[in-house]
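Just the heavy atoms: all of them, side chains too, but no hydrogens, waters or symmetry mates, feed the values below. Predicted model only: the values in this text are computed from it and were never measured. All residue numbers in this chain count up from 1 along the given sequence. Whatever order the structure lists them in is the order used to number ligands and atoms, beginning at 1.
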Amino acid sequence: MASYEPKKNSEIRIFESSDEMATDLAEYISQVSEISVKERGYFAIALSGGPLVSFLRKLCDAPYNKTLDWSKWYIFWSDERAVAKNHADSNYKLTKEGFLSKVPILSSHVYSINDNATVEDAATDYEFVIRQLVKVRTIGVSESTDCPKFDLILLGMGSDGHVASLFPNHQALELKDDWVTYITDSPQPPPERITFTLPVINSASNIAILATGVDKATAVHLAVSDSSDGPDTSASLPAHMVQPTDGKLVWFLDKAAASSLDTSDGAYQQHREY
Ligand SMILES: O=C(O)[C@H](O)[C@@H](O)[C@H](O)[C@H](O)COP(=O)(O)O
């Protein structure tokens with residue numbers, strides 16, 4: 001793995017293989033969870049759908065299945081598709097089958113999004129649930145933004161640069177006060193989705209964005225570039241708007257997704273290679 005620190009509070013990790021990436025991701029999540037449990041007594045993690053879930057596979061194996069304090073884990077979703085929980089498109093179903101059914105997380109700690117309401121009501125309900133858990137500090141709170149401060153938010157990224165269900169140039173990107181919102185016009189099916197807003201994503205203690213494949217190379221390149229260098233591509237590239245307020249952002253990339261990054265001439269400060 002090669003690791004770079006392009007700017008303060010962010011790091012880029014580049015992997016030779018998907019196996020190496022899954023191994024490092026498991027170690028990263030394990031470390032973040034241990035720190036959170038030690039500092040707060042809880043580990044509140046928000047997941048997304050897509051290929052990301054399969055990258056959690058190493059957490060289901062030794063040593064993590066035995067060493068992690070699973071009873072302190074609380075699971076949330078940064079986005080969900082408005083389909084029934086047993087539908088093939090459900091992020092909940094994907095996560096349940098690929099991860100939750102394989103580790104001893106308490107089912108009462110799994111906060112899935114209501115699939116039995118309109119998207120609007122499901123978004124309102126989910127924000128309410130999060131507000132209750134912030135009140136009792138199962139989820140932390142950001143002193144700078146008053147938003148929930150998830151210990152970790154894991155995101156995938158589409159080749160268009162979307163993260164969670166925040167798509168390029170969508171008005172949902174502009175929301176400042178809502179924590180959870182809904183869209184009915186997703187450019188990718190299904191059209192109706194529920195999603196965290198940017199203020200919530202950016203208030204997290206830790207954010208990890210996973211991207212694999214050459215189709216992500218341009219979006220990755222633009223997302224990690226400093227916007228002061230050129231035209232502001234922000235709204236057309238939601239991943240570029242992921243900028244932690246007080247936390248840390250780590251990119252997990254395979255070589256193909258990193259192939260447009262100029263990592264050779266000191267553009268990024270490399271601090272570790274093994
Ligand atoms: O929102 C969705 O419908 C997608 O599932 C999406 O969130 C996915 O995670 C990314 O598009 C990355 O997926 P790929 O790496 O397969 O492009």
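Scanning the protein for heavy atoms near atom 16 (O) of ligand 1, the closest one is P51 CG, 3.3 Å.
Atom numbering of ligand 1 starts at 1 in the shown order; those under 4.0 Å from a heavy atom of Q188 are 2 (C), 3 (O), 4 (C). For ligand 1, the atoms sitting less than 4.0 Å from at least one non-hydrogen atom of G50 are 5 (O), 9 (O), numbered in the order shown with element in parentheses. Each of the following atoms of ligand 1 lies closer than 4.0 Å to a heavy atom of G158: 10 (C), 11 (O). Each of the following atoms of ligand 1 lies closer than 4.0 Å to a heavy atom of M157: 10 (C), 12 (C).
For the side-chain hydrogen bond (donor to acceptor under 3.5 Å, both in side chains) with K58, the qualifying choice from D24, N65, D19 is D19, the only one to do so.
There is no side-chain donor-acceptor pair under 3.5 Å between S112 and E80.
Summarising the geometry of G140 relative to R40, their closest heavy-atom pair is N-NH1, 3.5 Å, with the distance given to 0.1 Å.
Using the six-membered ring where Trp is involved, W73 and F43 have ring planes that are perpendicular, over 60° apart on the 30 and 60° scheme.
Using a 4.5 Å cut-off between side-chain heavy atoms of Ile, Leu, Val, Met, Phe, Trp and Tyr, with links allowed through other members, L175 and V119 fall into different hydrophobic clusters.
Distances from atom 5 (O) of ligand 1 to the heavy atoms of H162, R81, K216, R193 put R81 nearest.
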